[in-house]
Amino acid sequence: MNDVDARMDRLRRAARYRYQQLVDSEIERGSLDPDEVREERRLLQARDVGQHARALIEEAERRGTFEGNPYHGKRLPGNDGHHDPDWWIKAKIEREEITGIAPPALALRKEDAELDEQLDALSAEADVRDVLEDFNARVKEARRQLLGGPPVVTPLREVDDEITRWQDRREARLASDARAAAERAAASRDRPRRWWRRRR
């Protein structure tokens with residue numbers, strides 16, 4: 001901070017102090033409404049913070065701090081113009097792929113979307129039944145608990161219907177694998193044999 005800036009800063013602080021004394025004396029005499037004064041102070045502080053932030057940004061631009069920044073002059077990713085007080089925790093969860101700490105409604109919705117893939121990785125019907133029954137039990141428990149947060153809209157899975165769908169997907173996958181194996185075998189049979197042999 002150079003001498004001129006330091007002097008201006010001292011003058012601003014002195015002016016604010018004098019203004020504050022005048023306002024306090026007017027409040028004591030009853031000629032000013034304290035609520036209006038508080039609101040005016042809040043607005044003045046917000047304006048000062050904005051001016052200070054703009055000054056810091058301009059100084060950083062002059063120094064070249066933002067050179068090479070891919071977001072310079074562009075909207076930040078995830079900033080759609082609406083204020084979300086939990087933006088930082090959502091961004092951290094997404095960036096670090098943290099699981100298991102979401103509200104039950106959101107965790108169950110995500111698990112429901114990935115459940116078919118999880119079931120397809122199993123090979124025994126009893127294991128599929130166990131996973132489905134456990135999923136349904138957790139959905140029922142989440143619906144019973146009134147912990148706040150978003151409502152649980154995840155539907156229950158009909159166990160027998162899901163097992164039938166799992167068997168159909170498994171049979172289709174096995175048939176597809178068998179076809180691919182047969183095509184590979186046929187391709188290797190149709191390949192011409194080499195007419196030469198390596199000498200020993």
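Throughout, residue positions are numbered sequentially from 1 according to the sequence presented.
To the nearest 0.5 angstrom, R173 atom CZ is 5.0 Å from D120 atom CG. Taken from OG1 in T154 to CZ in R143, the straight-line distance is 7.5 Å, to the nearest 0.5 Å. Distance check, rounded to the nearest 0.5 Å: CD of E162 to CZ of R169 gives 7.0 Å. Here R170 contributes atom CZ and I163 contributes atom CD1; the two are 12.5 Å apart, rounded to the nearest 0.5 Å. Note that NZ of K140 and CZ of F135 are 12.0 Å apart. Values are rounded to the nearest 0.5 Å. Note that CG of L115 and CG of L132 are 6.0 Å apart. Values are rounded to the nearest 0.5 Å.
Ionic pairing of E141 and R144 is present here: one or more N-O contacts between side-chain nitrogen and carboxylate oxygen are shorter than 4.0 angstrom.
At most 12 heavy atoms of other shown residues, nucleotides or ligands fall within 6.0 angstrom of atom CD in E67.
Using a 4.5 Å heavy-atom cutoff, the side chains of R129 and D160 are in contact. Contact of the V152 side chain with the R109 side chain is not registered, since no non-hydrogen atoms from C-beta on lie closer than 4.5 Å. Within the 4.5 Å cutoff, the side chain of P155 has heavy atoms near those of the D112 side chain. Residues T164 and D168 form a side-chain contact, since some pair of their non-hydrogen atoms from C-beta on lies under 4.5 Å apart.
Under the side chain to side chain contact (heavy atoms under 4.5 Å, CB included) criterion, E96 pairs with K92, I98, not counting sequence neighbours.
Taken together through direct or relayed side-chain contacts under 4.5 Å among Ile, Leu, Val, Met, Phe, Trp and Tyr, V159 and L156 form part of one hydrophobic cluster.
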Go through E59 and R63 one step at a time and tell me if the salt bridge (Lys or Arg N to Asp or Glu O under 4.0 Å) criterion holds.
CA-CA 6 Å; E59 181 183 338; R63 286 195 317 257; 3.1 Å; yes
